[in-house]
Amino acid sequence: MAVRFPETPRSPPPALSIRRMVPPDLPQVMVLERLAFKHPWSAELFQRELQHDWSTILLALPAAAADPTVHGFIIFWLVHDELHVLNVAAHPDHRRQGIARRLLLEAFAQGRGRGARLATLEVRRTNFAALALYRELGFRQVGIRPNYYTDEGEDAVLMNLDL
Ligand SMILES: CC(C)(COP(=O)(O)OP(=O)(O)OC[C@H]1O[C@@H](n2cnc3c(N)ncnc32)[C@H](O)[C@@H]1OP(=O)(O)O)[C@@H](O)C(=O)NCCC(=O)NCCS
């Protein structure tokens, strides 16, 4: 008889709302940025993105209005028929709950509504969680950019998805 191990129960996905980032969100967004990335963006870079017409930052926030913790964000550009994903992050305490997937699907829906036909991104070759996420959503590898990330000389994997 096959031995069956009990599955580790996953915590239920939090009730989240998704909305565009506005300047007062910056401190909470920076908390997540620093938790999620070894080489975080500066606050100035986020402020610059907020001023660009072609750039959108979406936040995933707890539906309970009293909790300001940013659970996830995605930054993307819309230029002509292309949606370019610059970054996506989920809070370390809330990973594998579908937050990044939800943010990406929302970005695709908004992009499609504004005429985007192709989604593109670059991801570090060793970022296995992100690679798995993008593949699960249907992205395919279309190239490698050697030493793209100058901080560690790491290659970028280029990926595309037809929207
Ligand atoms: C990559 C990242 C954004 C994923 O966020 P997340 O909210 O945990 O991802 P989701 O729960 O939406 O995962 C969706 C699917 O992606 C895949 N996936 C996500 N994380 C994974 C992991 N650590 N290992 C394997 N597969 C993974 C799975 O297929 C998953 O579906 P499943 O949980 O039903 O198996 C998150 O790990 C993160 O913030 N990492 C640090 C920042 C970063 O590297 N961002 C990407 C920059 S390009």
Side-chain angles (χ1 to χ4, degrees), residues 5-21 25-43 45-46 48-49 55-64 67-79 82-111 116 118-163:
F5 294 94
E7 287 189 6
T8 311
R10 283 196 190 165
S11 49
L16 294 176
S17 63
I18 293 183
R19 65 158 171 82
R20 272 188 94 139
M21 179 183 170
D25 296 317
L26 187 59
Q28 289 296 332
V29 169
M30 289 307 297
V31 169
L32 174 51
E33 173 71 13
R34 292 186 184 116
L35 283 171
F37 294 101
K38 194 169 160 197
H39 302 284
W41 278 21
S42 65
L45 269 176
F46 276 92
R48 210 178 299 166
E49 290 305 315
S55 185
T56 301
I57 305 178
L58 298 178
L59 306 183
L61 297 154
D67 183 353
T69 315
V70 174
H71 280 41
F73 65 71
I74 185 167
I75 310 172
F76 63 95
W77 287 357
L78 277 171
V79 182
E82 184 176 325
L83 183 158
H84 184 69
V85 179
L86 279 88
N87 246 337
V88 57
H91 194 289
D93 292 345
H94 301 285
R95 295 216 173 130
R96 298 304 288 270
Q97 295 179 347
I99 293 175
R101 184 196 288 122
R102 249 186 92 180
L103 285 164
L104 281 153
L105 292 177
E106 177 61 29
F108 298 161
Q110 293 194 12
L118 182 73
T120 62
L121 57 81
E122 294 104 25
V123 52
R124 287 174 191 263
R125 201 200 267 273
T126 60
N127 192 344
F128 303 113
L131 283 162
L133 166 72
Y134 300 140
R135 285 191 185 118
E136 196 232 14
L137 286 169
F139 277 90
R140 62 189 187 281
Q141 181 173 329
V142 292
I144 296 284
R145 205 160 275 165
N147 304 312
Y148 179 74
Y149 297 98
T150 49
D151 46 34
E152 295 187 0
E154 191 171 353
D155 299 346
V157 178
L158 313 185
M159 304 185 95
N160 283 2
L161 171 71
D162 293 321
L163 291 177

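Whatever order the structure lists them in is the order used to number ligands and atoms, beginning at 1.
Contacts of N127 with ligand 1, taken as heavy-atom pairs under 4.0 Å, involve the side chain alone. Neither the backbone nor the side chain of L121 has any atom closer than 4.0 Å to an atom of ligand 1 (non-hydrogen atoms only). With a 4.0 Å heavy-atom cut-off, ligand 1 is reached by no atom of H94. Only side-chain heavy atoms of E136 come within less than 4.0 Å of ligand 1; its backbone N, CA, C and O stay farther off. Residue contacts with ligand 1 for F37 involve side-chain atoms from C-beta outward but no N, CA, C or O (heavy atoms, distance under 4.0 Å). Counting heavy atoms closer than 4.0 Å to ligand 1, residue F73 contributes nothing at all.
Note: an N/O pair closer than 3.5 Å links G98 and ligand 1 by distance alone. Considering backbone and side-chain atoms alike, R101 places an N or O below 3.5 Å from some N or O of ligand 1.
In this comparison of V157, V88, L133, the heavy atom closest to atom 16 (O) of ligand 1 sits on L133.
Partners of F73 according to the ring-ring contact (aromatic ring centres under 6.0 Å, His included) rule, which considers only residues two or more places apart in sequence or in another chain, are F46.
A 4.5 Å side-chain heavy-atom check between V88 and Y134 finds at least one atom pair inside the cut-off.
Residues V123 and A130 come closest through the heavy atom pair CG2-CB, 3.8 Å.
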